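Not measured: the values here are computed from a predicted model. We name chains A, B, ... by the order of the sequence lines, and we start the count at 1 in each one.
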Protein chains: 2
Amino acid sequence: MAAPKPIRTRRKMQRVTIMDVAARAELSPSTVSLYFRKPDAVSAAASEAIARAIDALDYVPNLMAGGLAAASSRVVSIIVPSVRNAFFAETVATLQDELGKHRLQVMLSHTEYREHDEESLVRTALSWTPAAVVLTGLSHSTATRRLLRDSKVPIVEIWELGSPTMDMAVGFHHDQVGQAAASHLVQRGRKRLLFLGARLHEDRRAARRAQGFVETARDAPDVTADIIQHPAPASAEVGAMLLGEALHRFPNVDGIACSNDHIALGVIFECQRRGISIPGRLSVVGFGDLSFSAAANPSLTTIRPPGDLIGKEAARLIIARIAHPDTEPERTVIDTRFNLLHRQSS
Amino acid sequence: MAAPKPIRTRRKMQRVTIMDVAARAELSPSTVSLYFRKPDAVSAAASEAIARAIDALDYVPNLMAGGLAAASSRVVSIIVPSVRNAFFAETVATLQDELGKHRLQVMLSHTEYREHDEESLVRTALSWTPAAVVLTGLSHSTATRRLLRDSKVPIVEIWELGSPTMDMAVGFHHDQVGQAAASHLVQRGRKRLLFLGARLHEDRRAARRAQGFVETARDAPDVTADIIQHPAPASAEVGAMLLGEALHRFPNVDGIACSNDHIALGVIFECQRRGISIPGRLSVVGFGDLSFSAAANPSLTTIRPPGDLIGKEAARLIIARIAHPDTEPERTVIDTRFNLLHRQSS
DNA sequence: GCTCAAGATAATAGCGCTATTATGTAGCCG
DNA sequence: CGGCTACATAATAGCGCTATTATCTTGAGC
């Protein structure tokens, strides 16, 4: 019962491999591999021959093979609620730019604010043995935490600070944002305050800003504060609607903080239409310092979250961690703070 | 000279592999692999045993190993100028959502409007043997084209139509946008037209809109048209500045088209400050229909590019192509068109 | 001239999975 | 009840690269 030698017709890819390059350069595959990984270890003559061969053959390395062999990859997986949101877009873009300088690739996923989706996204992310994982916010399921912990991959949580942190974190305290807005309005002599918020049930960070706002406001003498919200995503139209509701329910409102500048812009537009003077009768504070905020009429007082800085710092932490894979990882928390930009609307 | 048998101490990863799962489920690795790739081919009993094993071991598949073995991956590489730009953010987000439904991952890269960077980005993209590559626009270097052609990977060019197309394309004609804006203003009886543009030297598509605008405008009797531009990225502030320059150089201007809504918003704000009536003395048309445009005061007439539709259609094409890898690929060009939204500003 | 270290290059054995082929096992037919 | 098919499972050989070790080449030092 002699086992017949099976003839395998494995699809022999026509792909140009490191072996082809080596053959053409009259060197071994090892040397070509070294050329990519540690160029300094290869002689000038060999380097040139390899470069010529690569060029002639139009060689494209196979990073999956490399990653498999090295049990690592230069992929950073980023999970944000949505890149449609200008805040996260800014951070993702900055991360992308900074990581790109170190030949790290960005793999992007959205939760669309559905937190329970995060686990499967993390699972897929880990399937690529990424160099790092970036998550938005601090609330993650137990399963997600376990997955990430077991993987031993560097983790950066962005855009929110508080407890507990998994590994590294870069962001700021959203309740402090609300506090800053409230303090500002109180300082301007406002007494009847409102927080106008969009999608607070899904956007935990906005909800924390709202909470910080009312708590601080209510600590001030003779000041009252409430929250008015709308379930739709933030837009100027929602802002206009919310102002209508605010005036209806609290006719003597004189200070408004908004969950972001889209809402605030809608408030400004609606006030123009209704002939309500800003900041004469009403002070308005936004959040975001979006592209239009400084140019608005009146220009919008707002709180600027440093989306770019968050991206930069997160990238810096990742790169530093990758550079020293052996040293005991250090838990790092970076508070980027935020800026209140006082303009005409308050 | 007997060769000593070398003892390899290859780092034996502690990673849970398909073999561990197989052992626990008392099945072969092949069957476990089949369970992932073709679940229907595995018996119910086996499936259950495998599922239990996966759960117990917290198995995370290694997609790099899988991709290497299968000579393919479920990664779609997307290259856009910048995700900071709301247009591309919208498309990227939609692509991400649609592709995600089919378990396709998005790898994202930015050119930052530096077209000569595209080649190296494409090169890296191809290193992942992606399922498809999505590029913005139609102008690519010869080397980029060759790389992509040789790779035989499905390609979708988005956000611009014209010649020549590499494989599939989804977008619209930007010169037609300019034409539509010009026709609209001419119809409204405007005679002294201007196109206000930001970063036209880098943003080819905006430049084509500008060109289409002046060409169409100048065909109309008694109508004159010019372009005023600024090298900075589009923002309301730049819009305000451009309006200042426009009034200075062409005091009798009565119709303005903008390279995007940020510019247009700046124009509106600046007109408010200067007491210039819109649309009484000046008609304004934007591009983009950004979040604030409908709520502006006056609401902004603008041309809406279907960023979400572009993403949806691109995803559809990719998914269709992947589903039929054998059939001869069909060159597809989808013209999504665009909408002129007539509002108060014109 | 010989030794030895440093610098280059090469040989080898996987990384964890999939595709392909092979084998086993019922179920059905005549 | 032998043979044949359909279905389920298993065995095997890579995919293209990297990490590790081994070997070869210089050139310095004495």
Side-chain angles (χ1 to χ4, degrees), chain A residues 1-23 25-50 57 59-74 126-129 325, chain B residues 1-23 25-47 49-50 57 59-74 126-129:
Chain A
M1 217 196 248
K5 191 163 283 178
I7 293 151
R8 308 269 159 197
T9 34
R10 184 84 181 173
R11 80 260 109 156
K12 184 65 183 171
M13 288 270 73
Q14 75 296 19
R15 182 177 187 126
V16 177
T17 74
I18 205 170
M19 310 242 312
D20 301 317
V21 174
E26 300 187 304
L27 288 161
S28 73
S30 306
T31 308
V32 178
S33 174
L34 212 56
Y35 167 84
F36 284 112
R37 293 176 295 113
K38 293 170 185 167
D40 294 342
V42 178
S43 71
S47 290
E48 204 174 315
I50 293 169
L57 298 172
Y59 170 66
V60 176
N62 185 331
L63 289 180
M64 295 201 295
L68 175 60
S72 70
S73 76
R74 299 194 70 82
L126 292 178
S127 297
W128 291 97
T129 41
Chain B
M1 219 196 249
K5 191 164 282 178
I7 293 150
R8 310 269 160 197
T9 37
R10 184 85 181 171
R11 80 263 108 154
K12 184 66 186 173
M13 289 270 72
Q14 76 295 21
R15 183 179 186 124
V16 176
T17 73
I18 206 170
M19 310 241 314
D20 301 316
V21 175
E26 299 186 305
L27 288 161
S28 73
S30 305
T31 309
V32 178
S33 175
L34 213 56
Y35 167 84
F36 285 113
R37 293 176 295 114
K38 292 170 184 166
D40 294 342
V42 178
S43 72
S47 289
I50 293 170
L57 298 173
Y59 170 65
V60 176
N62 185 333
L63 289 180
M64 295 200 294
L68 175 60
S72 70
S73 76
R74 298 194 72 82
L126 292 178
S127 297
W128 290 98
T129 39

To the nearest 0.5 Å, what is the distance between CD1 on A/I50 and CD1 on A/I18?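 It comes to 8.5 Å.
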
Rounded distance (Å) that lies between atom [atom2] of [N] and atom [atom1] of [X]:
| X | N | atom1 | atom2 | result |
| --- | --- | --- | --- | --- |
| B/I18 | D/dA10 | CD1 | C1' | 13 Å |
| B/L68 | D/dG14 | CG | P | 14 Å |
| B/M19 | C/dC17 | CE | P | 9 Å |
| A/D20 | D/dC15 | CG | P | 12 Å |
| A/E26 | C/dT9 | CD | P | 13 Å |
| B/N62 | D/dC15 | CG | C1' | 13 Å |
| B/M64 | D/dT18 | CE | C1' | 12 Å |
| B/L63 | C/dG16 | CG | C1' | 11 Å |

Please verify the inter-ring angle class for A/Y59 with A/F36; under 30° counts as parallel, over 60° as perpendicular, anything in between as tilted.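 If you compare the ring of A/Y59 with that of A/F36, the planes turn out tilted.
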
Between A/Y59 and D/dG16, is there a contact of a side-chain N or O with OP1 or OP2 at under 4.0 Å?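 Checking D/dG16 against A/Y59, no side-chain N or O comes under 4.0 Å of OP1 or OP2.
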
On the nucleotide C/dG16, are OP1 or OP2 found under 4.0 Å from the side-chain N or O atoms that B/T17 carries?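 No, no such contact exists.
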
Set of residues satisfying side chain to side chain contact (heavy atoms under 4.5 Å, CB included) with respect to A/A23, sequence neighbours excluded: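 Per chain and number, A/A23 pairs via side chain to side chain contact (heavy atoms under 4.5 Å, CB included) with no residue.
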
What residues form a side chain to side chain contact (heavy atoms under 4.5 Å, CB included) with B/A46, not counting sequence neighbours?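 Only B/L27, B/V42, B/S43 meet the side chain to side chain contact (heavy atoms under 4.5 Å, CB included) criterion with B/A46.
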
Using the side-chain contact (heavy atoms from CB on, under 4.5 Å) rule, pick out the option among B/N62, B/T129, B/L63 that qualifies with A/M64.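 Between A/M64 and the candidates, side-chain contact (heavy atoms from CB on, under 4.5 Å) is satisfied uniquely by B/T129.
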
Does any residue of residues 29-42 of chain A have a heavy atom under 4.0 Å from DNA chain C, and if so, which ones, in number order?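 Contacts with DNA chain C under 4.0 Å: A/S30, A/T31, A/L34, A/V42.
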
For B/A22 versus B/P29, what's the shortest heavy-atom pair and its separation?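 Smallest interatomic distance, heavy atoms only, reads CB-N, 3.5 Å.
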
Partner residues of A/S30 under the side chain to side chain donor-acceptor pair (under 3.5 Å) criterion, sequence neighbours left out: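 Testing A/S30 for side chain to side chain donor-acceptor pair (under 3.5 Å), a comparison that skips the adjacent residues, returns none.
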
Under the side chain to side chain donor-acceptor pair (under 3.5 Å) rule, collect the residues that match up with A/T31, sequence neighbours excluded.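 For A/T31, the residues satisfying side chain to side chain donor-acceptor pair (under 3.5 Å) (neighbours in sequence not counted) are A/S28.
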
Hey, which sits more toward the 5' end of DNA chain C by its nearest nucleotide, A/S28 or B/P61?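 Counting from the 5' end, the first nearest nucleotide belongs to A/S28.
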
Just by modelled atom types, is the B/G67 backbone N or O under 3.5 Å from a matching donor or acceptor in the B/S73 side chain?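 No, because the side chain of B/S73 does not come within donor-acceptor range (under 3.5 Å) of the backbone of B/G67.
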
Residue A/A70, side-chain atoms from C-beta onward, closest of D/dT9, C/dA8, D/dA19: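 Nearest to the side chain of A/A70 among the choices is D/dA19.
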
Picking from C/dA8, C/dG16, C/dA10, which would you name as closest to the side chain of B/R15?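 It is C/dG16.
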
Note the angle between the end axes of the helix from C/dG1-D/dC30 to C/dG30-D/dC1, five pairs defining each, rounded to 10 degrees.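 One end's axis against the other's: 40°.
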
